[in-house]
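Here the structure is laid out as structure tokens; the discussion comes afterwards.
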Amino acid sequence: IHVLPPCFNRYEKIMKALLKETFVFTPRIESGRLDGHLFMDVTGSSRLFGPPVDVAFRLKKTFVRHFDLDPIWSVATNKLVAKVATRVVKPVGEYIVPPGDEQAFLAPLPLELIPGLGPNDLKKMHEFNLFRVSQAKSLTLEQLEIPFDCRAEQIYDRIRGIDPAPVR
């Protein structure tokens with residue numbers, strides 16, 4: 001039996017209230033069950049609410065005013081880049097990655113910040129003296145297939161900021 005700590009119920013209530021506030025802007029919201037992440041797809045809502053950055057600022061104000069939370073947030077073209085951007089500014093802050101700047105944003109960062117690269121992947125990268133995204137990005141898909149085999153294509157895309165996964 002797994003017993004959840006008492007604070008879990010409070011967390012659940014806060015997350016439900018946060019989701020209610022975000023549904024004002026879009027029905028396309030994905031939340032991480034226990035990590036506090038909210039991914040929103042605001043594609044096509046700019047005529048109603050302005051550009052995605054405006055939506056983010058409004059939500060931040062709402063979260064501060066109603067919940068006394070100062071969220072870490074980012075705006076990016078996909079979930080992978082948005083997640084990395086929030087990792088860059090933790091524990092407080094915000095980051096906006098304009099469309100088309102994904103690769104330039106990721107290039108100087110350590111590979112450890114890329115979601116989906118596990119300890120074994122990172123160990124292999126380090127064995128080849130690859131520590132930054134820009135270094136790994138210089139490898140072709142064929143070169144990545146040597147150490148990573150069937151994971152090569154996924155790694156190739158991730159270090160280039162490509163994430164076709166939709167907000168669910």
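Please read these numbers as outputs of a predicted model, since none were measured by experiment.
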Next on the checklist: Going by salt bridge (charged side-chain N to carboxylate O under 4.0 Å, His left out), name the pairs with one or both residues in residues 42-57, residues two or more places apart or in two chains.
Outcome noted: none
Item to check | Pairing residues for F25 by the ring-ring contact (aromatic ring centres under 6.0 Å, His included) criterion, not counting sequence neighbours | outcome: F49
Checklist entry - What residue pairs, at least two apart or across chains, pass ring-ring contact (aromatic ring centres under 6.0 Å, His included) with a residue in residues 77-97? => result Y95-F105
Checklist entry - How would you list all residue pairs meeting salt bridge (charged side-chain N to carboxylate O under 4.0 Å, His left out) that involve residues 101-130, not counting sequence neighbours? => result D121-R151
Item to check | Value rounded to 0.5 Å, distance of CG in L111 from NE2 in H126 | outcome: 6.0 Å
Checklist entry - In chain order, what residues pass the side-chain contact (heavy atoms from CB on, under 4.5 Å) check against L113, with sequence neighbours excluded? => result V84, R87, V88, L109, P110
Checklist entry - Could you state the interatomic distance from CZ (F23) to CE (M40), rounded to the nearest 0.5 Å? => result 9.5 Å
Can you give me every donor-acceptor pair (side chain of residues 131-138, partner residue at least two apart or in another chain, under 3.5 Å) with its distance?
from : atom 1 : to   : atom 2 : distance (Å)
R132 : NH1    : P108 : O      : 2.8
S134 : OG     : A107 : O      : 3.3
Q135 : OE1    : F131 : N      : 2.7
Q135 : OE1    : R132 : N      : 2.8
K137 : NZ     : Q103 : OE1    : 3.0
S138 : OG     : Q135 : O      : 2.6

Checklist entry - Which residues satisfy the side-chain contact (heavy atoms from CB on, under 4.5 Å) test with L139, sequence neighbours excluded? => result L130, Q143, L144
Going by atom type alone, with no hydrogens or angles, which donor-acceptor pairs under 3.5 Å involve a side-chain atom of residues 63-75 and a protein atom two or more places apart or on another chain?
from : atom 1 : to  : atom 2 : distance (Å)
D70  : OD1    : K60 : NZ     : 3.2
W73  : NE1    : E94 : OE1    : 3.2
S74  : OG     : A82 : O      : 2.8

Checklist entry - Taking only residues two or more places apart in sequence or in another chain, which ones pass side-chain contact (heavy atoms from CB on, under 4.5 Å) with R168? => result E30, P166
Checklist entry - side-chain contact (heavy atoms from CB on, under 4.5 Å) with T43: which residues, sequence neighbours excluded? => result D41
Checklist entry - Hey, what else clusters with I162 if you join Ile, Leu, Val, Met, Phe, Trp, Tyr whenever side-chain heavy atoms sit under 4.5 Å? => result none
